[in-house]
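To start, the structure itself, in structure tokens.
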Amino acid sequence: MGTVEIEKIYNSKAIEEKWLKFWEENGFGHAVAGTGKNPYSIVIPPPNITAVLHLGHALNNTIQDILIRFKRMQGYESEWMPGTDHAGIATQNVVERKISRETGKTRQDVGREDFIREVWKFREETGGTIIEQLKRMGCSCDWKRERFTMDEGLSRAVTEVFVRLYEKGLIYRGKYIINWCPRCQTALSDEEAEHEEQSGHLWYLRYPAADGSEGVVVATTRPETMLGDVAVAVNPADQRYKGLVGKKLILPLVGKEIPVIADDFVDPAFGTGAVKVTPAHDPNDFEIGLRHHLEPVIVMNGDGTMSAHAGAEFEGLTREAARKKVVEKLTGLGNLVKIEDHLHAVGHCYRCHTITEPYLSSQWFVRMKTLAEPAIDAVKDGRITFYPERWTKVYLGWMENIRDWCISRQLWWGHRIPVYYCNVCGEVMVSRTPVTECTKCGSADIVQDPDVLDTWFSSWLWPFSTFGWPDTTPELRTFYPTSTLSTAPEIIFFWVARMIMAGIEFMGDIPFSKVYLHGTVRDEQGRKMSKSLGNGVDPLEVIETHGADALRFSMIIITAQGQDVFISYAGKNGKKQEHNTFDTGRNFANKIWNASRLILTLSGGSIGRADSVKKDLADRWIVSRFNREKSSITQMLENFKFNEAAQTLYHFIWHDFCDWYLEIIKPRIARGGDEKTFVLRNAAEILAGSMQLLHPIMPFVTEEIWQLLNEHLGEKQSASIMISKWPEADTGLIDPEIEREMEMVQSLITTIRTIRNEMNVPLGEKADVMVAPADEDARRVLDANSSYIMDLASVKHLAFTEQSKRPPKSAAGISDKNEVFVLLEGLVDFDRERVRLSKEIERRGKFIASIENKLSNENFLSKAPVEIIEQERRKANDTREEMKKLIANLESLGE
RNA sequence: GGGCGAUUGACUCAGUUGGUUCAGAGUGCCUCCCUUACAAGGAGGAAGUCACUGGUUCGAAUCCAGUAUCGCCCACCA
């Protein structure tokens with residue numbers, strides 16, 4: 001029969017499950033290469049396999065899903081390539097800790113091969129967690145193409161790239177100072193060492209001269225490195241030290257002679273103007289050492305303890321202990337002159353936060369300058385655009401000062417460096433395939449370089465390695481270059497910039513044309529959400545409590561282009577909070593749910609056609625408004641104004657559609673017949689169309705309602721809203737005149753409601769109202785739509801009267817120069833009415849004064865455009881007219 | 001030491017090219033309403049000299065300069 005039973009509250013859980021299954025089974029996210037349709041593609045910033053979904057992922061992937069769903073509906077062959085990153089250091093650390101926890105063994109105990117096997121096992125077991133979580137959010141990736149940076153194909157691409165760059169002379173091996181993490185025991189790139197301001201000390205140390213004279217005082221922040229000093233440098237122009245250059249000093253504690261040298265690097269104004277030179281443990285000192293042919297002395301081991309070169313007394317001490325001991329001993333010897341407080345930047349490992357060590361070692365590097373140049377051009381000439389635009393400068397600044405990239409890591413988990421050494425003749429062989437025989441001496445005694453490559457050395461190939469490069473696959477031809485990259489600004493250097501370089505170098509074309517950089521997700525105190533702070537909100541919990549649509553919508557509506565996002569959420573078991581970010585989306589989903597419930601319930605199973613019914617003002621108004629929003633939302637999504645699109649839809653659906661249109665059609669539905677059929681159909685069509693516009697942001701509830709509505713309408717144009725055709729605006733249906741008339745009616749209704757409220761006449765009681773229209777046109781419009789006024793303002797009798805003829809026992813108001821009189825039964829509180837009217841008059845008086853002020857300004861009259869002046873005049877006149885009427889009404893109260 | 005953001009009602013934030021619709025929204029607050037879609041709701045209301053100072057302009061939340069506070073990024077000065 002015709003009854004439709006629908007739950008009163010939107011049940012996100014059941015509905016999300018249903019459609020997830022449906023989408024997955026039908027593979028709507030899958031895109032096919034070479035169909036000839038216009039392609040649109042996005043590659044996901046691959047989350048680490050160790051990652052669990054946090055709000056940053058939630059935000060970024062919602063943005064990508066919005067774009068991909070939008071474009072898919074617009075008819076593009078839309079590919080969203082998903083996948084994960086092997087995350088060398090992070091994953092190795094996690095698995096090491098796991099093994100240590102479970103068996104007490106170190107990775108060395110386990111051995112390289114078995115350890116790697118363990119990592120793969122970890123990846124099989126938990127590496128897909130985040131992918132499952134992305135699915136729960138509704139991400140419509142092309143799951144059939146999911147990739148992993150350690151896949152065979154991607155590994156092949158990595159090797160290929162290494163070999164090509166090596167052959168081109170862009171990869172080299174050398175002994176340089178790099179950032180070293182003593183805990184992870186690997187080299188890091190400059191970007192992986194995060195510098196933080198820390199308060200430390202500046203120690204002033206006296207190095208006596210070999211000839212027994214006073215010598216020199218140097219200042220250092222790291223006294224323990226003095227054990228590896230090989231010289232003291234001063235500025236050649238520094239008069240204070242003129243006579244000392246070339247002389248010998250005695251290095252305290254070590255007892256060896258070191259020279260005083262002159263180097264421009266030294267700033268005479270800092271410290272004492274004399275700097276100790278430790279080439280093995282400071283990048284600047286290393287440069288000085290090279291210039292002066294000084295042999296570096298490495299006094300530290302890879303684990304951060306002191307080496308044998310530090311001397312028997314210090315060997316084996318941690319760097320912290322060594323520092324203490326050096327200071328103590330120097331104090332004892334009287335060589336410590338003074339200690340000052342000093343603020344300086346200290347590098348930390350971006351994975352484990354241990355203080356990094358500038359460390360001299362042999363590493364592999366990529367020469368970046370030549371790769372950077374075309375990548376700079378691509379941004380400068382506008383082939384690639386950043387949104388928001390301000391990141392362009394950040395990108396260019398880094399690229400223009402780019403330094404060589406240290407790509408070797410002393411880890412086990414990652415892509416092994418494809419370099420082989422002959423143990424017999426020392427030949428170095430770089431090869432795409434494993435080398436078993438020396439190409440020079442024929443020996444079979446070959447070892448592969450033990451190091452692996454930086455994780456980012458595979459990520460920078462992601463936009464094309466995932467589509468099959470180095471083979472020219474149909475996918476690569478179709479989907480490369482990709483369209484948009486959406487990511488966090490933190491990884492511009494790590495990833496975005498390098499992808500641009502790699503894309504141009506290996507594909508001969510940019511990897512994407514638009515880069516959207518979203519803001520950082522923070523808590524209500526502005527702190528970045530992080531595991532260590534424990535202030536993270538678990539998106540899955542939000543999905544549990546509020547639903548995935550609510551999670552998505554709530555984040556999107558507060559994300560102004562590239563601005564940071566602040567979240568208030570106490571959690572499932574947390575204390576009640578004044579404001580909960582995710583309520584916005586949940587309430588909205590519920591509102592939509594109930595709007596559809598009204599239509600579906602009243603339609604009783606199906607909605608027929610009644611095309612002959614004459615359209616009302618509201619019918620044409622909602623259609624006009626809807627078509628207007630179609631084009632603005634399309635525009636907003638094209639321009640990454642996601643929050644505006646969300647805001648616009650929220651307002652249209654909630655206020656225009658629900659508050660006005662549905663309220664207007666309720667009595668018409670109650671009347672039944674063809675009119676009922678017609679308005680139900682109109683409402684259902686508008687709502688179904690709104691669902692399409694909203695679908696990219698809230699995929700689940702929109703699918704559910706779109707399906708239900710179409711079923712009732714008997715108009716299922718496609719299997720899923722996901723693949724339905726994006727609503728195009730019919731500009732012919734946008735009618736400003738209709739909108740103007742409707743606004744007049746709305747304004748009148750609001751005025752009546754306000755008067756009633758202020759005069760304590762609840763909407764529950766019907767009231768008699770008289771209207772004095774401003775002119776013939778107003779009379780026509782209000783007369784034609786008097787039923788709206790009666791229904792929505794709860795009016796018993798509506799009559800028209802002349803202007804300024806206030807009926808006795810009534811309260812007056814004005815809207816668009818139309819006068820309204822609400823007849824009050826019983827005694828009218830004249831004082832109350834007097835106060836009300838006076839306030840209205842006062843408000844208008846001030847407004848008129850401000851306009852007149854403008855209009856009496858000669859400069860304004862002579863310089864402002866005529867339209868503006870006319871506009872101001874009209875405003876003044878209209879308001880004056882309204883005021884006159886209000887005054888008349890006030891006066892009529894006198895008797 | 002550079003660079004970049006932010007500063008708008010009690011709270012959290014919008015505000016594209018300076019001028020009706022620009023002083024907005026949501027939350028909170030106050031009043032009324034459990035009206036047959038929704039109390040996770042409806043109707044109405046109070047509340048802001050748009051951080052400060054100066055400038056450009058007929059006209060500035062919006063453009064320019066400077067100041068303050070907060071936050072972020074970058075930087076080899078020991």
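All values derive from a computational prediction rather than experimental measurement. In what follows, chains carry the letters A, B, and so on, assigned in the order in which the sequence lines appear, proteins first and then strands, with residues in each chain numbered from 1.
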Answer with base, sugar-phosphate or nothing: what part of the nucleic acid does [X] contact at a heavy-atom distance below 4.0 Å?
X: A:Ala560; value: sugar-phosphate
X: A:Glu858; value: nothing
X: A:Ile9; value: base
X: A:Pro865; value: base
X: A:Asn590; value: base

[X] and [Y] ion-paired at < 4.0 Å:
X: A:Arg844; Y: A:Glu840; result: yes
X: A:Glu224; Y: A:Arg222; result: yes
X: A:Lys338; Y: A:Glu340; result: yes

Is there a donor in the side chain of [X] and an acceptor in the side chain of [Y], or the other way round, less than 3.5 Å apart?
X: A:Tyr350; Y: A:Glu192; value: yes
X: A:Asp190; Y: A:Asn179; value: yes
X: A:Asn594; Y: A:Arg597; value: yes
X: A:Glu629; Y: A:Ser632; value: yes
X: A:His348; Y: A:Gln198; value: yes

Which one, B:A37, B:A40, B:G19, comes nearest to the side chain of A:Asn587?
B:A40
Between B:G26, B:A39, B:U16, spot the one nearest the side chain of A:Lys641, thanks.
B:U16
Short heteroatom pairs, N/O only, protein and nucleotides 74-78 of chain B, under 3.5 Å:
unit_1	atom_1	unit_2	atom_2	d
B:C76	OP1	A:Arg403	NH1	3.3
B:C76	O2'	A:Asn284	ND2	2.8
B:C76	N1	A:Asn284	OD1	3.4
B:C76	O2	A:Asn284	OD1	2.6
B:C76	O2	A:Asn284	ND2	3.3
B:C77	N3	A:Asp267	OD2	2.3
B:C77	N4	A:Asp267	OD2	2.9
B:A78	O2'	A:Ala219	O	3.2
B:A78	N6	A:Asp267	O	2.7
B:A78	N6	A:Phe270	O	3.1
B:A78	N1	A:Asp267	N	3.2

Using the [atom1] atom as the reference point in each nucleotide, state the distance between [N] and [M] in Å, no decimals.
N: B:C73; M: B:U21; atom1: C1'; result: 40 Å
N: B:A46; M: B:C52; atom1: C1'; result: 28 Å
N: B:G28; M: B:G42; atom1: P; result: 12 Å
N: B:C34; M: B:A40; atom1: C1'; result: 15 Å
N: B:U62; M: B:U17; atom1: C1'; result: 10 Å
N: B:G71; M: B:A51; atom1: C1'; result: 15 Å
N: B:C32; M: B:A68; atom1: C1'; result: 46 Å
N: B:A6; M: B:A78; atom1: P; result: 32 Å

Find the distance [X]:[atom1] to [N]:[atom2] and express it as a whole number of Å.
X: A:Arg874; N: B:U21; atom1: CZ; atom2: C1'; result: 13 Å
X: A:Asp564; N: B:C4; atom1: CG; atom2: C1'; result: 12 Å
X: A:Ile599; N: B:C38; atom1: CD1; atom2: P; result: 14 Å
X: A:Gln563; N: B:C72; atom1: CD; atom2: P; result: 15 Å
X: A:Ile492; N: B:C72; atom1: CD1; atom2: P; result: 17 Å
X: A:Trp391; N: B:C72; atom1: CH2; atom2: P; result: 13 Å
X: A:Phe582; N: B:U12; atom1: CZ; atom2: C1'; result: 13 Å
X: A:Glu840; N: B:G45; atom1: CD; atom2: C1'; result: 12 Å

Phosphate contact (B:C4 OP1 or OP2) by A:Lys393 side-chain N/O below 4.0 Å:
yes
Output yes when at least one side-chain N/O atom of A:Lys8 is less than 4.0 Å from OP1 or OP2 of B:A37, else no.
no
Need the pair for [N]. Rule: Watson-Crick or G-U wobble, both distances under 3.5 Å, any strand; none if unpaired.
N: B:A14; answer: none
N: B:G1; answer: B:C74
N: B:G66; answer: B:C52
N: B:A43; answer: B:U31
N: B:U21; answer: none

Between A:Arg390 and A:Ile557, name the one whose nearest nucleotide on RNA chain B is closer to the 5' end.
A:Arg390
Would you list the atom pairs, donor with acceptor, under 3.5 Å between side chains in residues 265-280 of chain A and any protein atom, with sequence neighbours excluded?
unit_1	atom_1	unit_2	atom_2	d
A:Asp267	OD1	A:Ala269	N	2.9
A:Thr272	OG1	A:Val217	O	2.5
A:Thr272	OG1	A:Ala274	N	3.2
A:Thr272	OG1	A:Ala274	O	3.4
A:Lys276	NZ	A:Thr225	OG1	2.6
A:Lys276	NZ	A:Asp229	OD1	3.0
A:Lys276	NZ	A:Thr278	OG1	3.0
A:Thr278	OG1	A:Asp229	OD1	2.6

Using modelled atom types and a 3.5 Å cut-off, is there a donor and acceptor pairing between side-chain atoms of A:Glu870 and backbone atoms of A:Pro865?
no
For A:Phe652 and A:Tyr661, I'd like to know if the aromatic rings sit close, meaning centre-to-centre distance below 6.0 Å.
no
Less than 6.0 Å separating the ring centroids of A:Phe386 and A:Trp391?
no
Could you run down the sub-3.5 Å N/O contacts of the protein with nucleotides 42-44 of chain B?
unit_1	atom_1	unit_2	atom_2	d
B:G42	OP1	A:Lys591	NZ	3.3
B:G42	OP1	A:Trp654	NE1	2.3
B:A43	O3'	A:Arg753	NH1	3.3
B:G44	O4'	A:Asn757	ND2	3.3
B:G44	O3'	A:Thr754	OG1	3.3

